[in-house]
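In what follows, a structure is listed as structure tokens, so that the remarks can point back to it.
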Amino acid sequence: MFKYRQPCNWNTSSIVITVLLFIAWAAIPFINTHSSGQDFALIIVAALLFISFICGLYYCPKYVEVTNSLLIIGKLISKKIIPLADIASVAPYQRTMNFVRTLGSSGFMGYWGHYRNQELGKFFVYGTRMDQLILVTLKSGKKYVISCKNADEMSTQINLRLKRTENIAD
């Protein structure tokens, strides 16, 4: 089975945001408070940062890989597997409109989660930078925006395999 893989390289802003939030989370036990209300607020902040960290481990992409039958988004602790038979189209995507995050991260451990804009409607992002993107549209209408090292080449490799899959089905 021939596979093609590209890493998901982080941009500087994702690295800075992630490091700063880890420092903030690590510093919480050392903050002295003098009232129970402040203690409770620190516990809530620590819990939210911890939940963000766990979600980041689950959603932050490490690599994008295409095989003869699958598109695989390798994440830090899991994989998102999309059968090529479910894909309607794949194309490099140049971000022309702002992405509005509805649930997810805009920099902490990358860009991941549910987003929307006027151009694409609702979509899910698996990204570590926003300048090398591919748009994957499923036959069901679901959309994924995925970042990788070279979006043009990844799009080409996926489309080559999609054509082979279509030829086999005919």
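In this chain, numbering begins with 1 at the start of the sequence shown.
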message = As a quick check of understanding, evaluate side chain to side chain contact (heavy atoms under 4.5 Å, CB included) for Ser13 and Tyr111, giving each step before the final call.
response = CA-CA 11 Å; Ser13 64; Tyr111 304 87; 3.2 Å; yes
key: Steps toward side-chain hydrogen bond (donor to acceptor under 3.5 Å, both in side chains) verdict (Thr137, Tyr144)   = CA-CA 6 Å; Thr137 305; Tyr144 295 97; over 6 Å; no
task = Say whether Leu21 and Ile54 are linked into one hydrophobic cluster, either directly or through other cluster members, by side-chain heavy-atom distances under 4.5 angstrom.
result = yes
Test: Arg5 cationic atom under 6.0 Å from Tyr63 six-membered ring centre, within 45° of axis = yes
note = Heavy-atom closest pair (Glu65 atom, Met154 atom, distance to 0.1 Å) is N-CE, 4.5 Å
query = Is Asn98 atom CG crowded by more than 12 heavy atoms from other residues, nucleotides or ligands, each under 6.0 Å away?
reply = no
ask   = Does Tyr59 have its ring centroid less than 6.0 Å away from the ring centroid of Phe124?
value = yes
task = Please determine, by modelled atom types, if Asn11 and Ser14 share a side-chain donor-acceptor pair under 3.5 angstrom.
result = yes
query = Got a sec, which pairs hit ring-ring contact (aromatic ring centres under 6.0 Å, His included) with one end in residues 70-91, sequence neighbours left out?
reply = none
query = Which is it for Lys79 and Ile73 under the side chain to side chain contact (heavy atoms under 4.5 Å, CB included) test, yes or no, and what are the steps along the way?
reply = CA-CA 6 Å; Lys79 293 180 182 178; Ile73 302 162; over 6 Å; no
task = For a side-chain hydrogen bond (donor to acceptor under 3.5 Å, both in side chains) with Tyr93, tell me which candidate from Glu119, Gln132, Lys143 qualifies.
result = Glu119
ask   = Under 4.5 Å between any side-chain heavy atoms of Pro7 and Lys149, yes or no?
value = yes
ask   = In this structure, are over 12 heavy atoms from other groups packed under 6.0 Å from Arg95 atom CZ?
value = yes
ask   = If we only count heavy atoms from C-beta on, is the Lys75 to Lys80 side-chain gap below 4.5 Å?
value = yes
query = Does any non-hydrogen side-chain atom of Ile72 lie less than 4.5 Å from one of Thr67?
reply = yes
message = Looking at Tyr58, is its backbone amide N or carbonyl O close enough to the side chain of Ser78 to form a donor-acceptor pair, meaning the two atoms are under 3.5 Å apart?
response = yes
request  = Establish, from distance only, whether the side-chain atoms of Arg101 and Ser106 form a donor-acceptor pair under 3.5 Å.
outcome  = yes
Distance-only criterion, 3.5 Å: show the donor-acceptor pairs between side-chain atoms of residues 82-89 and protein atoms not counting sequence neighbours.
none

key: Ser155 side chain vs Ala151 backbone, donor-acceptor pair below 3.5 Å   = no
message = Determine whether a donor-acceptor pair (N or O, by modelled atom type, separation under 3.5 Å) exists between the side chain of Gln157 and the backbone of Val66.
response = no
query = Do Trp112 and Val16 share a hydrophobic cluster (ILVMFWY, side-chain heavy atoms under 4.5 Å, transitive)?
reply = no
ask   = Is any side-chain heavy atom of Pro92 closer than 4.5 Å to a side-chain heavy atom of Leu133?
value = no
Verify same cluster id: Ile15, Ile23 (apolar side-chain graph, 4.5 Å) = yes
key: Evaluation steps, side chain to side chain contact (heavy atoms under 4.5 Å, CB included), between Met109 and Trp10   = CA-CA 9 Å; Met109 297 184 79; Trp10 285 39; 4.1 Å; yes
ask   = Does the ring centre of Phe108 sit less than 6.0 Å away from the ring centre of Phe53?
value = no
ask   = Quick one: are Val136 and Ile134 in side-chain contact, heavy atoms under 4.5 Å?
value = yes
